[in-house]
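Here the structure is laid out as structure tokens; the discussion comes afterwards.
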6 protein chains.
Amino acid sequence: MLSEADRVRIARYRPQSGMATPRFSGLASFMRLPVLDPSEAPGRIDIGLVGIPFDGATTNRPGARLGPRGVREASTGTRARNAATGVAPYELAACADLGDVPVNPIDVAATARAIEAHYRPLADARIVPLSIGGDHFVTYPVLRALGNAHPVGLIHIDAHGDTDDGQYDGTRLTHGTPFRRAIEDGVLDPRRMVQIGLRGSTDSADELDWALAQGVQIVPMEAVIDRGLPAVLAEARAVVGTAPTYLSFDIDALDPAYAPGTGTPEMGGFTSREALQIVRGLRGLDLIGADVVEVAPPLDPAGVTALTGATLAFEILCLLAEAVDTRRAGMEGD
Amino acid sequence: MLSEADRVRIARYRPQSGMATPRFSGLASFMRLPVLDPSEAPGRIDIGLVGIPFDGATTNRPGARLGPRGVREASTGTRARNAATGVAPYELAACADLGDVPVNPIDVAATARAIEAHYRPLADARIVPLSIGGDHFVTYPVLRALGNAHPVGLIHIDAHGDTDDGQYDGTRLTHGTPFRRAIEDGVLDPRRMVQIGLRGSTDSADELDWALAQGVQIVPMEAVIDRGLPAVLAEARAVVGTAPTYLSFDIDALDPAYAPGTGTPEMGGFTSREALQIVRGLRGLDLIGADVVEVAPPLDPAGVTALTGATLAFEILCLLAEAVDTRRAGMEGD
Amino acid sequence: MLSEADRVRIARYRPQSGMATPRFSGLASFMRLPVLDPSEAPGRIDIGLVGIPFDGATTNRPGARLGPRGVREASTGTRARNAATGVAPYELAACADLGDVPVNPIDVAATARAIEAHYRPLADARIVPLSIGGDHFVTYPVLRALGNAHPVGLIHIDAHGDTDDGQYDGTRLTHGTPFRRAIEDGVLDPRRMVQIGLRGSTDSADELDWALAQGVQIVPMEAVIDRGLPAVLAEARAVVGTAPTYLSFDIDALDPAYAPGTGTPEMGGFTSREALQIVRGLRGLDLIGADVVEVAPPLDPAGVTALTGATLAFEILCLLAEAVDTRRAGMEGD
Amino acid sequence: MLSEADRVRIARYRPQSGMATPRFSGLASFMRLPVLDPSEAPGRIDIGLVGIPFDGATTNRPGARLGPRGVREASTGTRARNAATGVAPYELAACADLGDVPVNPIDVAATARAIEAHYRPLADARIVPLSIGGDHFVTYPVLRALGNAHPVGLIHIDAHGDTDDGQYDGTRLTHGTPFRRAIEDGVLDPRRMVQIGLRGSTDSADELDWALAQGVQIVPMEAVIDRGLPAVLAEARAVVGTAPTYLSFDIDALDPAYAPGTGTPEMGGFTSREALQIVRGLRGLDLIGADVVEVAPPLDPAGVTALTGATLAFEILCLLAEAVDTRRAGMEGD
Amino acid sequence: MLSEADRVRIARYRPQSGMATPRFSGLASFMRLPVLDPSEAPGRIDIGLVGIPFDGATTNRPGARLGPRGVREASTGTRARNAATGVAPYELAACADLGDVPVNPIDVAATARAIEAHYRPLADARIVPLSIGGDHFVTYPVLRALGNAHPVGLIHIDAHGDTDDGQYDGTRLTHGTPFRRAIEDGVLDPRRMVQIGLRGSTDSADELDWALAQGVQIVPMEAVIDRGLPAVLAEARAVVGTAPTYLSFDIDALDPAYAPGTGTPEMGGFTSREALQIVRGLRGLDLIGADVVEVAPPLDPAGVTALTGATLAFEILCLLAEAVDTRRAGMEGD
Amino acid sequence: MLSEADRVRIARYRPQSGMATPRFSGLASFMRLPVLDPSEAPGRIDIGLVGIPFDGATTNRPGARLGPRGVREASTGTRARNAATGVAPYELAACADLGDVPVNPIDVAATARAIEAHYRPLADARIVPLSIGGDHFVTYPVLRALGNAHPVGLIHIDAHGDTDDGQYDGTRLTHGTPFRRAIEDGVLDPRRMVQIGLRGSTDSADELDWALAQGVQIVPMEAVIDRGLPAVLAEARAVVGTAPTYLSFDIDALDPAYAPGTGTPEMGGFTSREALQIVRGLRGLDLIGADVVEVAPPLDPAGVTALTGATLAFEILCLLAEAVDTRRAGMEGD
């Protein structure tokens with residue numbers, strides 16, 4: 001049960017309803033939520049939606065820097081309650097749009113530092129970040145901030161493993177390397193990490209050997225099809241267990257028919273219903289952060305990808321709100 | 001068996017074949033059918049395809065007013081015979097394109113009156129209307145015309161329930177309210193009404209309570225997935241029974257990957273094969289009218305939505321033609 | 001010279017610079033300006049940018065309801081200073097994004113009332129509104145608020161006259177009638193009104209007779225070409241004189257090559273350079289408000305129309321800032 | 001002066017007005033005109049709008065076969081009266097949409113025969129054809145029908161000369177050869193032929209020598225810029241004189257910014273205002289037919305090209321209606 | 001085991017890796033493979049990728065002539081190894097991009113001769129062609145070259161049967177007739193031919209009777225759904241047996257959501273995962289050639305269709321490389 | 001006069017003609033020219049077309065990394081001879097497509113080094129590079145290679161000055177700084193540098209002061225309009241004089257209607273005819289290299305920008321070929 005103080009606090013951060021003003025009206029904030037400067041967030045909110053408009057680590061087609069803006073616009077179509085699960089996130093947790101990280105589109109290393117510095121105070125204040133990328137590189141500095149004290153577990157939904165060592169003779173900070181860097185830095189626990197949906201052609205037979213050697217669980221798309229999603233999700237839950245876990249959802253996990261607007265689409269991905277099934281199948285985990293990355297609006301004139309990214313962000317927000325609620329209950333129960 | 005008179009009459013209304021002239025040639029009428037003024041339809045045709053180019057009741061993104069034109073163009077690709085079911089609709093019923101209802105894009109109430117007035121003579125002449133919207137509001141005045149004498153049953157395929165009471169402090173005629181209005185007016189029987197495919201986030205927990213209280217059967221998408229389409233369709237058939245029934249197909253029932261061109265897309269919808277399975281699963285009902293609504297061509301640069309809308313219109317036309325044939329046989333048998 | 005108090009006040013409302021954070025980052029407010037609730041605007045700001053996301057009076061292709069959102073996004077590319085004229089608007093006047101008017105997309109009359117009620121307090125507080133439509137109907141209620149005490153003059157740049165009496169047998173509130181209604185209501189002075197750029201085919205020979213009879217000056221596109229823009233602009237300035245004047249810029253004044261994203265494009269319009277020449281040619285007028293209307297982003301996949309609308313909004317903002325500065329100087333000089 | 005009989009006859013063929021029903025409603029016929037089977041045209045109408053959906057002679061990017069459908073849709077935005085010239089074509093001549101020629105998309109020669117056979121009865125009945133292509137090859141068989149008795153003069157607006165002898169080792173019927181074939185066949189008088197707007201790179205220095213040797217007047221774009229359109233149009237009028245003349249307008253004469261939807265765009269073309277100036281500058285010629293060709297809608301997602309093609313078709317229709325009126329007056333004066 | 005000579009030879013034809021230079025850099029050859037003139041291919045390569053940019057036999061929407069260029073560009077995203085099957089094609093067979101067949105876009109018969117003449121030397125040199133269309137007509141002359149000595153078997157994945165006799169009163173070479181012509185010519189063995197995925201409406205009830213009478217196995221989409229893909233693939237393998245077989249994949253076999261960029265899309269097709277399942281289910285057949293046809297890039301602004309076509313081409317290439325390897329082993333084993 | 005040896009050498013490098021094979025066929029090399037490895041270029045060719053697919057220095061919307069591929073495809077529509085000037089470049093100079101520079105999309109500094117290293121051997125061999133970007137940053141390392149011995153003059157056509165010192169607190173290598181860096185490095189002579197077409201809003205009043213202080217001539221768009229292009233071009237020619245000069249053409253110099261596909265479009269730019277007039281107005285200069293940059297195909301679904309970029313590249317190629325010819329004649333004359 002929420003304390004009265006929490007109830008009052010949380011009620012201050014409701015999204016505008018489409019029953020009162022049209023969803024296409026007003027500035028496009030994430031979910032039509034109030035906008036708050038990150039410096040004012042501690043003590044006020046539980047979950048912060050943050051844009052990271054950076055695609056400077058992209059080795060393929062760019063455009064994901066426009067992801068936060070595209071997802072904000074599409075997210076104004078989400079409403080207050082998850083009809084499938086019954087979760088009403090804005091009644092469980094105070095949520096706000098914290099704006100974007102001040103990135104440097106030219107400089108990967110500087111941006112990595114800026115992201116980490118931006119998330120540290122949020123982590124310190126136990127504000128759960130839901131980040132919208134940006135390319136997948138941005139997850140690395142976020143994990144550095146969140147896993148600073150203890151390495152986190154990871155559920156990673158993606159077409160690609162993103163555990164390369166580098167490209168072009170030594171470029172080590174790319175959107176293909178974030179998880180390798182995070183593991184090397186000790187902020188991500190590879191034995192509590194599972195990757196789901198990997199597919200497509202690969203550069204070499206041993207592309208995933210490093211990750212496997214670290215203890216990462218990899219479930220390629222073919223295995224998902226063979227074993228079925230329920231079994232895969234059960235395994236994923238077992239891998240990360242009850243300890244703090246991060247969820248990273250690369251939109252290219254979906255099939256290009258469902259998410260054409262991404263830099264490196266791979267034929268044969270998840271359907272939108274499977275994507276929903278995955279997110280809903282992760283209820284109850286101790287999630288301490290999440291992201292949706294690689295939405296590149298210029299590559300999708302019909303806007304389906306931003307819609308999908310925004311809907312997944314809402315579904316993940318429901319997970320995070322439940323986790324916030326559970327942790328609060330746990331603390332209160334102590 | 002068709003009477004010779006009927007056979008001759010029906011044979012006058014054949015679509016042009018693509019084997020003789022290319023499907024991209026000639027004016028785009030629905031299915032390349034002959035065009036007839038509605039005033040000339042009684043006594044001549046059994047099924048009238050009617051455009052209702054109105055989206056003035058749309059509370060989200062507009063564009064469905066261009067639906068009839070987009071579906072007409074795409075429908076020129078349909079041919080004479082349903083390969084899956086074997087039905088040859090133009091041999092069972094005389095069909096024609098009756099043009100568009102003269103709508104007023106600025107005035108919902110005036111358009112509602114115009115639509116109802118347009119459909120009354122068709123209903124009086126027992127011409128079965130297959131309408132192409134337009135936003136979903138247009139179904140309300142059509143039901144007023146068709147259910148005037150006796151309330152009709154309804155099979156409603158949609159992502160949204162469309163049984164709201166209103167929006168914006170009292171606007172009661174919107175594309176979110178048609179079925180509430182029709183039930184209130186006594187032209188739609190809620191106990192013979194089933195809604196399939198509802199999903200997405202909702203504004204409140206009790207959004208569907210009013211409909212449930214009226215006796216409407218609601219099968220959300222999650223229930224469809226759990227129970228399977230065959231069971232759901234069997235239930236739907238049981239709900240509407242053998243009495244006169246209307247079929248309303250909102251294109252946003254399909255997933256945005258299959259129908260991006262619609263004002264309020266919702267992730268996680270039907271695939272195109274499921275949509276076909278639904279329509280084909282309704283053979284044998286006593287259908288007295290149908291519509292396909294919410295196709296908004298400007299929102300889909302690849303044109304998939306209009307193609308899907310046109311194909312579903314053809315499949316529904318096959319249902320209607322069989323219903324016409326069955327009723328004629330019944331009358332002749334009397 | 002600005003007073004120190006004004007200087008300090010004005011300096012609070014600077015747009016974010018693209019030299020510090022990328023222009024594609026952060027929430028998209030008009031010009032990257034601070035966002036302010038209208039109720040807090042009096043005493044704080046001089047010019048308010050307001051979105052009016054309404055296209056419910058459109059008789060042709062819809063989409064302008066998405067104009068404010070599209071223009072906001074494109075406007076983040078404008079910078080602090082007009083390189084052509086040297087005007088630095090944010091040093092002359094305090095400017096803010098006041099959000100959108102709470103429109104009702106279904107109800108023209110209710111929206112007209114809402115707009116007028118929204119602008120009255122701004123007018124009372126002498127805050128100059130720069131509105132982004134929406135269809136051209138929205139100018140009518142804005143003029144009702146601004147011309148309430150004294151009828152205003154008007155410079156009207158458009159492909160269409162918008163002085164029809166109505167359509168469809170008596171619908172009098174459409175995007176083709178705003179100026180007729182405003183003249184009838186006595187809030188717009190037809191003898192201080194000039195229309196520039198009218199063209200295209202017309203329904204009848206006497207379409208413009210009513211306006212001419214009221215004393216409106218009409219300069220069709222052919223006359224612009226014959227006489228040259230400098231002469232036309234000189235005439236326009238003479239018509240409106242030194243009294244309070246409103247500027248209404250319909251984006252369809254531009255040629256479809258420059259502004260394809262609009263509901264009723266007409267071949268043969270202004271180039272973008274001519275549009276800039278027009279706006280810059282209106283410096284020094286006593287402008288008390290302005291708008292840019294009919295930008296319909298879904299109809300322009302390349303986004304040129306929103307870019308053009310945003311740039312024109314910035315150029316008009318420069319005019320308004322100078323007018324604010326001049327009036328302030330005048331008052332101080334008294 | 002029109003005879004009473006002509007007045008009554010002509011009044012039967014009025015386009016539907018957008019003041020009564022929205023322009024986006026109803027089947028898309030050319031200009032919202034009545035549709036008539038060609039066999040019923042003689043004695044009833046003066047001008048027939050005919051679609052020729054053929055692009056099987058295209059050596060570059062295809063898509064012009066969809067031109068008639070795209071132009072029909074866009075043409076529903078034209079109204080009854082030319083505001084610039086004051087011409088009201090539907091009061092001068094009975095006009096109708098005669099549908100499309102039954103082309104064979106695979107077979108150039110068969111289509112050439114079909115087109116010629118289709119236009120012969122129209123020519124015999126002195127019905128003036130306004131054709132919408134299709135690629136430029138279609139002009140050749142039209143000229144064969146119209147110039148059968150006496151070779152016609154030609155005003156040819158285009159980026160390309162289309163007087164090649166052939167391509168690919170002997171293919172002589174392509175969209176690059178229609179005028180060479182027509183001159184060889186004696187149905188087009190090269191000394192009464194003028195080409196305006198030619199530009200772009202060429203395959204060889206002597207590409208135009210054959211045409212020049214036949215006496216064709218060629219005014220490349222550079223000469224248009226140097227000499228000015230008025231001088232060029234005066235020369236064009238002098239070349240064709242007072243004898244029967246055909247007008248062929250290839251949409252690629254316009255710059256790609258104004259007409260991107262065409263198979264072989266060439267940078268540096270006419271603006272839309274110049275295109276209007278050209279057509280309006282041809283008033284008074286004895287025009288006996290015209291066409292607008294090479295509109296390829298799939299190559300222009302914003303639809304500007306079809307809009308431009310439709311507007312030019314309306315402007316040309318005004319020319320043709322005046323010519324019909326003049327000839328009728330001349331006959332009556334005899 | 002590969003001989004050392006073969007290993008050295010094969011190693012000369014590796015695609016450029018995206019780990020060294022970005023996949024968007026460099027000229028777009030198929031799979032980033034070396035480009036070779038066909039005359040130099042014999043003795044050097046085992047598999048030749050050939051573009052056939054011809055859509056002059058298309059009876060519906062055109063654009064497939066731009067297929068080779070679109071697929072080349074998208075194919076630069078494929079990598080060296082099939083992660084699902086483990087096949088590394090470039091280690092099994094020497095592959096190169098042999099450029100395009102010199103087609104004549106105007107002349108079907110001439111192009112048929114050109115294609116056949118182009119493939120004869122490849123067939124003579126036992127180079128396995130993987131062709132990228134182009135419309136489906138192009139398969140006919142390819143089969144004439146490959147089946148010249150002995151009629152081949154065929155696995156045909158498509159929405160349409162393409163065994164029509166002709167259209168438009170006698171046009172016999174269209175994209176609807178290639179397999180009828182090939183059977184008539186004796187280069188395709190109908191008893192070793194299976195068609196999978198046929199669907200959509202048809203012109204007549206007996207459209208497929210001719211094919212059935214020849215002994216062709218037809219598995220319409222409804223049968224695929226009923227029986228499941230594994231059973232259908234097992235049957236297909238049984239039909240073609242161990243003799244030389246050709247694989248023809250029409251991209252319109254996929255649902256329009258997965259492949260909107262094709263001239264004649266049909267609702268209700270294969271998903272991308274099923275398409276992969278089909279191709280991977282054909283491992284071990286004695287494939288002597290294959291094609292992917294009907295990709296029409298201008299009809300798909302998001303580029304999903306070309307991506308899908310390129311990925312299927314890579315998957316098929318894996319099949320062909322294994323077949324080459326198997327045949328080489330067989331010969332060496334002799 | 002060309003020596004016989006040169007004539008033979010040059011004749012080896014002819015583009016394929018569209019009269020023999022369709023322009024949409026074959027691999028898309030620049031202008032359909034032969035492809036040559038840069039290492040083989042010295043002694044063989046005079047002019048090398050080089051792609052630089054890098055947009056990692058872009059501070060606004062990305063996409064220019066796909067410019068070389070887009071321009072290559074569009075350039076296949078250019079032919080052998082400039083019809084306006086009569087120049088036949090492939091008869092004056094041996095031209096080839098030298099492929100792309102191996103860039104690192106993540107690392108600006110590494111890419112700068114790679115570009116410079118790539119161009120040094122070309123400069124040493126007196127091969128004139130015509131580069132296709134990529135964002136405008138790429139011009140800086142090219143100038144470092146070409147101006148290594150002696151600083152070059154520059155004609156710079158652009159909407160932006162690109163002489164910023166940096167952004168984001170010290171990032172000095174961006175697409176806004178190339179010319180400042182080149183001047184600082186002594187490879188570009190600011191007193192022989194002219195910038196034409198600058199416009200749009202600016203961040204500060206003194207944005208261009210540094211450039212002016214170095215002696216750069218700046219002709220903003222307003223000055224171009226006032227003074228006329230001929231006068232501006234005469235001044236430009238005077239500024240650079242007869243010494244070696246580089247031409248850099250940023251596609252955003254054109255108005256967004258003519259070039260929507262670019263990262264930072266600015267309303268009010270050059271028309272395509274003016275762009276041609278500019279390039280043609282630079283004949284006779286001692287050009288030693290040139291580039292066309294900032295074409296971003298994903299931002300232009302109609303493809304006009306790539307077409308314009310390709311046509312300008314051809315026109316510039318004509319300038320370069322004449323310069324090569326003149327220099328050769330000069331050397332021979334010594």
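The figures here come from the full heavy-atom set of this structure, side chains too, leaving out hydrogens, waters and symmetry mates. We name chains A, B, ... by the order of the sequence lines, and we start the count at 1 in each one.
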From M19(F) CE over to T171(D) OG1, what is the distance, rounded to the nearest 0.5 angstrom?
10.5 Å
Show the atom names and distances, to 0.1 Å, of all donor-acceptor pairs under 3.5 Å that link a side chain in residues 220-234 of chain F to residues at least two apart or in another chain.
residue, atom, partner, partner atom, Å
E222(F), OE2, R280(C), NH1, 3.4
R227(F), NH1, E235(F), OE1, 3.0
R227(F), NH2, E235(F), OE1, 2.5

Measuring heavy-atom distances to chain F, does T174(D) have an atom under 4.5 Å in its side chain, in its backbone, in both, or in neither?
neither
Could you walk me through whether D255(D) and S272(F) satisfy the side-chain hydrogen bond (donor to acceptor under 3.5 Å, both in side chains) test, starting with their C-alpha distance in whole Å, then the side-chain angles of each, then the deciding distance to 0.1 Å, before giving a yes or no?
CA-CA 8 Å; D255(D) 192 88; S272(F) 62; 2.3 Å; yes
What is the minimum heavy-atom distance between G77(F) and S201(D), and which atoms define it?
O-OG, 4.5 Å
Within this structure, what is the OG1-CG distance for the pair T76(F) and N60(D), rounded to the nearest 0.5 Å?
7.5 Å
Atom pair CG (L276(F)) and CE (M267(D)), whose distance is rounded to the nearest 0.5 Å:
4.0 Å
Any idea which heavy atoms bring Y258(F) and T271(D) closest together, and the distance?
OH-CG2, 4.5 Å
N/O donor-acceptor pair under 3.5 Å between R81(F) side chain and T202(D) backbone:
no
From the list R273(F), R23(F), Q277(F), the residue making the most non-hydrogen contacts under 4.5 Å with chain D is R273(F)
Do the side chain of Q167(D) and the main chain of G18(F) share a donor and acceptor less than 3.5 angstrom apart?
yes
Looking only at G269(D), G261(D), G176(D), most heavy-atom pairs under 4.5 Å shared with chain F are made by G269(D)
Mind checking what makes side-chain hydrogen bond (donor to acceptor under 3.5 Å, both in side chains) contact with T311(D), not counting sequence neighbours?
none
Specify the closest pair of heavy atoms between P22(F) and T59(D), including all atoms of both residues, with the distance to one decimal.
CB-O, 4.2 Å
Can you name the nearest heavy-atom pair linking P301(D) to P301(F), along with the distance?
CG-CB, 3.8 Å
Is chain D contacted by the side chain of A84(F), its backbone, both, or neither, given a heavy-atom distance below 4.5 Å?
both
Looking at every heavy atom in both P260(D) and V304(F), which two are closest together, and how far apart are they?
CB-CG2, 3.6 Å
Please indicate whether D169(D) has more than 12 foreign heavy atoms, meaning atoms of other residues, nucleotides or ligands, lying under 6.0 Å from its CG.
no
Between S17(F) and D203(D), is any pair of side-chain heavy atoms under 4.5 Å apart?
yes
Would you call R79(F) and E266(D) a salt bridge, using N to O less than 4.0 angstrom?
yes
Counting only non-hydrogen atoms closer than 4.5 Å, does T85(F) touch chain D with its backbone (N, CA, C, O), its side chain (CB onward), both, or neither?
neither
